[in-house]
Amino acid sequence: MDILYRSTRNDSVTATASEAILKGLAEDGGLFVPDRIPLLDKSLKELAGMSYKEVAYEIMKLYFTDFTEEELKHCIHNAYDTKFDTSEIAPVIGEKSPYFLELFHGSTIAFKDMALSILPYLMITSARKNKAENEIVILTATSGDTGKAALAGFAEVEGTKIVVFYPKNGVSPIQEKQMLTQKGANTHVVGIHGNFDDAQTGVKNIFNDKEFEQLMNQNGYQFSSANSINIGRLIPQVVYYVYAYAQLLSREEITHGEKINFVVPTGNFGNILAGYYAKEMGLPIHKLICASNDNKVLFDFFKTGTYDRNREFVLTTSPSMDILISSNLERLIYKTAGNSASINAQLMNQLSKEGIYEISHDMKQELTDFYGNYASEQETAESILNLYKSNGYIMDTHTAVAYSVYSKYVEETKDQSKAVIVSTASPYKFTRSVMDAIDPGYDSLSDFALVDELEKISGVKIPQAIEEIRSAKILHDTICDKSEMKDAVKAFLKLQ
Ligand SMILES: *Cc1c(COP(=O)(O)O)cnc(C)c1O
């Protein structure tokens, strides 16, 4: 049966999968959610024998029900190819728990590649299916990794343009250089004076501006989103949870049906929400462990049932998780409210007006699949050093937050279930923070000298993504105030 997508803020708004992918966000500001979560229709044993692409097809066909088999397979085959530096695409590393699910083997060495390498294909296919005549303009706010992965995905894709906004002082030097060296006449990168939440709010405001939409339309353009609010990002992320389980099963690290935990370094709540969808589809998951850094809004939420963004925004060494408004949490709130758009809309309205909301006791009871905790900067650095000393494996800072939270979880609960640490970035992407954690003596070295040093001590070859930017030219230099984002879009598209 076909799956329809509903807005989390208005029951009467529905869309097919391709319409939802094309729109990104519902017109009422809500997020699209599937009207039910489909169950896996292949056994775990069958899945254990499949390649990444095959698992991807088995999952996505259940959600993108208005795509033909041929369309979907075309998207999958173009996305998960040699852009990834391993044929496993998302390998599970290690011989005992906790295992590491490495999601950083794509072209920008962070987990955003898992979904953003397929999104452009899904979007172009959706545009064709819906006979969209306008050129699609992807508007994206990034805390560092989405930006580069989206730029890489959409660069030179015919019928699209992409504008990326990032916090000028809120990303790592390597993240910034990756974005500013992006080639492609259809790409535009803008640094804003403000933090990630400012960038995200600015983008949402542009999306919701009806007058601007009309102006775009007159000029032959329409917006869409590459942020994780797009279901074209969310659903492809369900795949690697299933694939990770399948790998462990086929290697006989776990028994058939054994429940395992996933530990997810969390910012916008997209990655972990995909894990929740996988669990709802029938994947044997015990707990989804939500790991935060010092911006621990989610830890407080899981503990108290109150979401409160009224606090200081902290810049940490895991910048892709420096977020106070976790957009995708809205999809979970909607679900825990019994799929009630009106309850959800009321809470989200409160969030935007007062920066705070509290869920009911009954809703809180629905959150038992999750456990939340956080790691301080010091704990994060210590876990990088300790794991390196004990077995030589070097984690990036985001993965280290998860690892550190996992230790707290085990200590607190004594849960013996096997666990997978969802590893979201290569240590080469956050070289300075990683090397600092290992030895503060490295501090005097330049960014690229540190890269060479990391190769020496880890024995892991420098990824292509890093080699590329060593000598690449800076091609973007636009900076604006957070209040001028609309003007930046107008100027790039030459709207009149
Ligand atoms: C985006 C990102 C995260 C956070 O993922 P969400 O889906 O936003 O929760 C964690 N780690 C890295 C390296 C990221 O790029």
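Numbering of ligands and ligand atoms starts at 1, following listing order.
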Output, or 'none' if empty, a list of ligand 1-protein atom pairs in which both atoms are N or O and the distance is under 3.5 Å, rounded to 0.1 Å.
unit_1   : atom_1 : unit_2 : atom_2 : d
ligand 1 : 7 (O)  : G270   : N      : 3.2
ligand 1 : 7 (O)  : N271   : N      : 2.9
ligand 1 : 8 (O)  : N268   : N      : 2.7
ligand 1 : 9 (O)  : G267   : N      : 2.8
ligand 1 : 9 (O)  : N268   : N      : 3.1
ligand 1 : 9 (O)  : F269   : N      : 3.0
ligand 1 : 11 (N) : T424   : OG1    : 2.8
ligand 1 : 15 (O) : K112   : NZ     : 2.6
ligand 1 : 15 (O) : D145   : OD2    : 2.4

Distance check, rounded to the nearest 0.5 Å: D197 atom CG versus L324 atom CG?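 Atom-to-atom, D197:CG and L324:CG are 5.0 Å apart.
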State, yes or no, whether a side-chain contact exists between V297 and D308 at a heavy-atom distance under 4.5 Å.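 No, side chains not in contact.
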With sequence neighbours left out, the residues meeting salt bridge (Lys or Arg N to Asp or Glu O under 4.0 Å) with K461 are none
Using a 3.5 Å cut-off and no angle test, enumerate the donor-acceptor pairs between side-chain atoms of residues 115-126 and protein atoms at least two apart in sequence or in another chain.
unit_1 : atom_1 : unit_2 : atom_2 : d
S117   : OG     : D113   : O      : 2.4
T125   : OG1    : Y121   : O      : 2.6
S126   : OG     : L122   : O      : 2.7

Partners meeting side-chain contact (heavy atoms from CB on, under 4.5 Å) with S376 (sequence neighbours left out):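 S376 satisfies side-chain contact (heavy atoms from CB on, under 4.5 Å) with D294, Q378, E379 once adjacent residues are dropped.
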In this structure, is the centre-to-centre distance between the rings of Y371 and F302 below 6.0 Å? no
